[in-house]
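For reference, the structure is listed below as structure tokens.
So you know, we letter chains A, B, ... as the sequences are listed, proteins then strands, and number each from 1. Everything numeric here is computed off the predicted structure, so don't read it as measured data. Only heavy atoms go into these numbers, but all of them, side chains included; no hydrogens, no water, no symmetry mates.
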Amino acid sequence: MEAAEQLSELEKLGGKVEEKKKVEEKGLAELPQPHDHVVLRFAPNPSGPLHIGHARAAVLNSEYANRYDGKLVLRIEDTDPRRVHTDAYDMIPQDLEWMGVKCDETFIQSDRIPIYYEYAEKSIKNGAAYMCTCEGGEFKKLKDNSQACPCRDLSVEDNLQRWEQMFDMEEGEAVLRIKTDINHKNPAIRDWVAMRVVEAHHPRVGDKYRIYPMMNFSVTIDDHLMGITHVLRGKDHLANSEKQKYLYDHMGWDVPEFIHYGRLKMDDVALSTSKAREGIEQGIYSGWDDPRLGTIRAIARRGISPESIRELMNEIGVKIADSTISWKKVYGLNRNILEETANRYFLVSNAQKLDIVDLPSEVKGIVERPLHPDFMKRGNREIPFDGQIYLSNDDLHEGKILRLMDAVNVSVKDGAVVYNSQTFEEARELKAQVVQWVPATDSISAEVVMPDASVIQGYVEPACSQLKIGEVVQFERFGFARVDEIGSEGIRFYFAHK
RNA sequence: GCUCCGGUGGUGUAGUCCGGCCAAUCAUUUCGGCCUUUCGAGCCGAAGACUCGGGUUCGAAUCCCGGCCGGAGCACCA
């Protein structure tokens, strides 16, 4: 029986149809338990500039903060002195600004060490934590067998005393542990480390401290103190979320909603921040914004718009399954934006200087061509045409007829170009290929840095002298490119995509 | 190895909780055609997916079991 028949049959018998499921709103999924005052945070560690993976966390947090009219906190997590790179403290806010991510407050964890000490002491006093002086390997052995170490049963007084002593201990001598469940089926969750001695110079707070909190400890304390209601993090933090719940429980605090998303890969770029840093130091990459890197600044330099990145992240959302972003997707989204904003110009790459043979003088003059074919109101560019031009070798095929856009038709003969006719109608009849050109005299020398860092040389039309750095243009038949640098010798562009 | 988690077109997503309106959404992509003095855009059309095998059920992308594949974690990093 068909579903419809069944339905009518059911109705005849007096049964009732089940209620419809609630209709979800399109786009980004709703947060679980959306309170009136959601507070989210973006909490990177300062290892370098932000990359595409950070963009997901940053954008999504920001989107949710906007949607619920909540708050977004930026917290820089620099509690491992050995993994701090000072350049990151400035680069992170810059990258966020570019993405349009606005943070209501900013905290740096190395400013908050005394707070963590205070809570370390509190957790000892309420029996949540204990000082452990076991050797690491020894502890692991016990832990893996669900065995408590001897330190676990020491009194609060003893632990307090050992905590005081810790300030004079050497690295590795003792740690503060949070009690969880020694029988927890996942050994990774059992009695995790909260504080440890680090004898290293902290690039930001120097040698002021010798005891630093572990990420799980400082994060929990801060998330609570800062009133974070929803924690968006990668699924690599799945076990950490579970560890942290024990501390919330010990302290009697409300546990925020944890939301874990999967890993994000970018096809082609698989470079970690540390690998990128190495490459930069070795001179393989020109810098953090080398077009081959997956950093936000590299993407920005290539003329990818922040809007398209935001759109992309919204579309990907917070699924826990991993996803691979293709550049094609990014380009597609970006093209939708650039298509309207970018003005059109001529670029001739692989240029050949030519003097059109037998050109009648009456066809010479100023050629006008719209800045944007769909927005004529923007006006025209003016291109002087006197018969001396650059054409791309890629277009010069012996025997072919070319239509120089808005100028004349020429035939390619023996490596030279000969005047053929003037009108576009004639070009059409001749099935001429329509090509862009630039004048030989006033054109500006240009180079275009491609996504693989190779460089294409060429010339752009004189009107490009009006361009400003950061502007993205479309070179007809060539693709979109961003103005990167304007020098006395010429202009450098970064290629975005077709 | 242990613990946990995933698997919808080339890619990204919706749908999975609460089985039927799903011969599966949208975007990007690719391919045709039209249009266009850009190889861009636009318009029209098309292509392309529920990991596999069992089970439950009148009915399974959706529930159950198993396999396969993939991922994460198993630090005195974050």
Nearest-angstrom distance from the residue atom [atom1] of [X] to [atom2] of [N]:
X      : N     : atom1 : atom2 : answer
A/I76  : B/A78 : CD1   : P     : 15 Å
A/N240 : B/C74 : CG    : C1'   : 11 Å
A/D374 : B/C43 : CG    : P     : 11 Å
A/M195 : B/A78 : CE    : C1'   : 16 Å
A/Y261 : B/G12 : OH    : P     : 17 Å
A/R83  : B/A75 : CZ    : P     : 13 Å
A/M215 : B/C77 : CE    : P     : 12 Å
A/N145 : B/C2  : CG    : C1'   : 12 Å

Classify the nucleic acid contact of [X] as base, sugar-phosphate or nothing, counting any heavy atom under 4.0 Å across all strands shown.
X      : answer
A/E315 : base
A/N336 : sugar-phosphate
A/V193 : sugar-phosphate
A/D144 : nothing
A/T79  : sugar-phosphate

Geometric cation-pi criterion, A/R335 with A/Y331: 6.0 Å, 45°: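 No, cation not above the ring by the 6.0 Å, 45° rule.
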With A/Y345 via ring-ring contact (aromatic ring centres under 6.0 Å, His included) - residues at least two apart: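 With sequence neighbours excluded, A/Y345 shows a ring-ring contact (aromatic ring centres under 6.0 Å, His included) to no residue whatsoever.
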Using atom [atom1] of each nucleotide, how far apart are [N] and [M] to the nearest Å?
N     : M     : atom1 : answer
B/G71 : B/U25 : P     : 30 Å
B/A24 : B/U13 : C1'   : 13 Å
B/G6  : B/G45 : C1'   : 37 Å
B/C50 : B/A60 : P     : 16 Å

Side-chain N,O (A/R196) to OP1/OP2 (B/C77) below 4.0 Å: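 For B/C77, OP1 or OP2 has a side-chain N or O of A/R196 closer than 4.0 Å.
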A/S326 side-chain N/O to B/G10 phosphate OP1/OP2 under 4.0 Å: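 Answer no for this pair, as no side-chain N or O of A/S326 is under 4.0 Å from OP1 or OP2.
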Centroid separation A/F385 to A/W437 less than 6.0 Å: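 Judged by ring-centre distance (under 6.0 Å), A/F385 and A/W437 do meet the cut-off.
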Pair A/Y209 and A/F167, ring centroids less than 6.0 Å apart: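 Centroid distance A/Y209-A/F167: not below 6.0 Å, so no.
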Sub-4.5 Å side-chain heavy-atom contact between [X] and [Y]:
X      : Y      : result
A/R204 : A/V84  : no
A/V73  : A/F107 : yes
A/I178 : A/Y130 : no
A/L430 : A/S421 : yes
A/R196 : A/M214 : yes

Return the minimal non-hydrogen interatomic distance between [X] and [Y], and the atom names on each side.
X      : Y      : result
A/S146 : A/N183 : CB-OD1, 3.4 Å
A/K235 : A/I320 : CD-O, 3.6 Å
A/P203 : A/P81  : CD-O, 3.6 Å
A/V367 : A/M405 : CG1-O, 4.3 Å

Summary of protein contacts for nucleotides 63-73 of chain B, nucleotide by nucleotide, where a base hit scores B, a sugar-phosphate-only hit scores S (4.0 Å, heavy atoms): --------SSS
Sugar-phosphate or base contact per nucleotide [nucleotides 29-38 of chain B; S, B, -; heavy atom under 4.0 Å]: S-------BB
I'd like a table of atom pairs between the protein and nucleotides 45-49 of chain B - only N or O on both sides, under 3.5 Å - with the distance next to each one.
none

Partner of A/F493 by ring pair (Phe, Tyr, Trp, His ring centres under 6.0 Å), out of A/F480, A/F475, A/Y459: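 Of the listed options, the one satisfying the test is A/F475.
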Selected nucleotide, minimal atom distance to A/I320 side chain, candidates B/C5, B/A14, B/C76: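 Closest of the options to the side chain of A/I320: B/C5.
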From B/G6, B/C77, B/G12, nucleotide with atom closest to A/M214 side chain: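 Of B/G6, B/C77, B/G12, B/C77 is nearest to the side chain of A/M214.
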Among A/H230, A/Q244, A/R75, the one residue meeting side-chain hydrogen bond (donor to acceptor under 3.5 Å, both in side chains) with A/D223: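 It is A/R75, the one option of A/H230, A/Q244, A/R75 that forms the side-chain hydrogen bond (donor to acceptor under 3.5 Å, both in side chains) with A/D223.
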Base-pairing string, 5' to 3', of RNA chain B - Watson-Crick or wobble, under 3.5 Å, | interstrand: (((((((..(((.......[.....)))((((((.......))))))...(((((..]....))))))))))))....
Which residue lies more 5' along RNA chain B, comparing A/D80 with A/I325 via nearest heavy atoms: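 Closer to the 5' end of RNA chain B: A/I325.
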5′-ward residue of the pair A/S323/A/P213 relative to RNA chain B: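 First, find each residue's nearest nucleotide; the 5'-ward one identifies A/S323.
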Nucleic acid contacts - residues 132-143 of chain A versus RNA chain B, non-hydrogen atoms under 4.0 Å: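 RNA chain B contact set from residues 132-143 of chain A: A/K140.
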Matching residue for A/D191 among A/K140, A/R152, A/K179, A/R177 - test: salt bridge (Lys or Arg N to Asp or Glu O under 4.0 Å):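 Per the salt bridge (Lys or Arg N to Asp or Glu O under 4.0 Å) rule, the option paired with A/D191 is A/R152, out of A/K140, A/R152, A/K179, A/R177.
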Gap separating the NE2 atom of A/H202 from the OH atom of A/Y212, nearest 0.5 angstrom: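 Answer for the NE2-OH pair, A/H202 versus A/Y212, is 5.0 Å.
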